[in-house]
Amino acid sequence: MVFLKVEMSWNVLISPSLLSPQGLLLRKAVIVRLLEDIANRKASKDHGYYIAVSELKAISDGKVRELTGDVLFPVTFTCITQKPMKGEVLVGSVDKILKHGVFLKSGPIESIFLSEKTMSDYKYIGGENPMFMNDHSKLEKDTVVRFKVMGFRWMEADRQFQLLATLAGDYLGPL
């Protein structure tokens, strides 16, 4: 996956109970809340998956919300993100096996589908532990697989990308 370094602006909301006259405690509260917000948001269509906040550039003056007393701090920071790209080769592990294909996981991406149509020399074998087999290898749960991204789409409701993968190509398949 492609790693990107992105400069971002974010509004961090701090409860009045976390405010104190010492600047360091306020700074710590803003940083902790920013990290929580990033972890909860998980990803965005434009930037991909949020991996880490690498630098805090600025915390602007806070604005008090009249009804709640919370303080809104505009924050500028750089963040390392990871975004899938069509045509790139990734490594993942088999999560689920169905008759029509295999679901893989790779890093933060939890929804990668490998269709049985893109695995032309593999045959489905059902049973208690279903798998796909060919003459040289098998795909079963937890098998590590090198695959190529055929396409992807952003799912706003789940805040994640769904990938369509293939094993067609040199050096692709179980490792």
Side-chain angles (χ1 to χ4, degrees), residues 1-13 31-56 75-175:
M1 261 195 253
V2 176
F3 286 96
L4 305 168
K5 191 172 185 178
V6 181
E7 185 166 319
M8 301 176 68
S9 296
W10 206 282
N11 290 324
V12 177
L13 197 61
I31 292 169
V32 168
R33 183 57 192 244
L34 174 65
L35 294 174
E36 288 172 356
D37 289 351
I38 291 281
N40 290 336
R41 183 137 183 217
K42 191 164 100 171
S44 75
K45 182 178 182 177
D46 297 329
H47 300 120
Y49 291 91
Y50 302 121
I51 304 300
V53 173
S54 58
E55 182 184 356
L56 185 62
V75 177
T76 305
F77 60 97
T78 56
C79 185
I80 296 173
T81 65
Q82 195 177 28
K83 188 173 182 181
M85 297 291 180
K86 185 178 177 181
E88 73 179 323
V89 175
L90 299 174
V91 174
S93 63
V94 175
D95 184 44
K96 256 192 274 184
I97 298 177
L98 306 171
K99 185 177 181 178
H100 301 292
V102 176
F103 279 97
L104 306 168
K105 289 184 176 184
S106 177
I109 304 174
E110 297 177 356
S111 184
I112 304 165
F113 185 66
L114 181 59
S115 172
E116 53 96 18
K117 292 176 183 174
T118 66
M119 303 184 289
S120 57
D121 57 338
Y122 283 86
K123 300 292 178 234
Y124 176 76
I125 299 170
E128 190 175 310
N129 296 316
M131 66 179 77
F132 279 89
M133 277 187 83
N134 69 7
D135 297 337
H136 311 292
S137 61
K138 60 184 175 179
L139 293 173
E140 56 189 348
K141 185 158 175 55
D142 298 325
T143 300
V144 177
V145 180
R146 183 179 296 125
F147 61 92
K148 187 176 189 178
V149 177
M150 288 175 45
F152 64 91
R153 68 179 174 184
W154 171 250
M155 302 301 294
E156 185 64 43
D158 301 329
R159 301 212 55 77
Q160 69 175 353
F161 289 93
Q162 288 183 337
L163 274 62
L164 187 59
T166 182
L167 295 183
D170 295 336
Y171 308 107
L172 300 179
L175 299 177

Can you name the nearest heavy-atom pair linking Lys138 to Met133, along with the distance?
CB-CG, 3.5 Å

Residues Lys42 and Gln160: closest non-hydrogen pair is NZ-OE1, 4.1 Å

Tell me whether Asp37 is salt-bridged to Arg33, with the criterion being a basic N under 4.0 Å from an acidic carboxylate O.
yes

For residues 161-175, tabulate all N or O donor-acceptor pairs below 3.5 Å that involve a side-chain atom, not counting sequence neighbours.
from   : atom 1 : to     : atom 2 : distance (Å)
Gln162 : OE1    : Arg153 : NE     : 3.0
Gln162 : OE1    : Arg153 : NH2    : 3.0
Thr166 : OG1    : Ala168 : N      : 3.0

Can you confirm whether Glu88 sits close enough to Val2 that some side-chain heavy atom of one is under 4.5 Å from a side-chain heavy atom of the other?
yes

Angle between ring planes, Trp10 versus Phe77, binned at 30° and 60°: parallel, tilted or perpendicular?
tilted

Please evaluate residues His47 and Met8 with respect to the criterion side chain to side chain contact (heavy atoms under 4.5 Å, CB included), reporting the C-alpha separation (whole Å), side-chain torsions for both, the decisive distance (0.1 Å), and the verdict.
CA-CA 10 Å; His47 300 120; Met8 301 176 68; 4.0 Å; yes

Separation between [atom1] of [X] and [atom2] of [Y], rounded to the nearest 0.5 Å:
X      : Y      : atom1 : atom2 : result
Glu7   : Thr76  : CD    : OG1   : 6.5 Å
Asp95  : Ile112 : CG    : CD1   : 9.5 Å
Asn129 : Lys141 : CG    : NZ    : 10.5 Å

So Val89 and Val149, side chain to side chain contact (heavy atoms under 4.5 Å, CB included) or not? Walk me through it.
CA-CA 6 Å; Val89 175; Val149 177; over 6 Å; no

Any chance you could lay out the side chain to side chain contact (heavy atoms under 4.5 Å, CB included) test for Ile125 and Phe132, step after step, and finish with the verdict?
CA-CA 6 Å; Ile125 299 170; Phe132 279 89; over 6 Å; no

Do Ser44 and Tyr49 pair up side chain to side chain, a donor and an acceptor below 3.5 Å, judged on atom types alone?
no

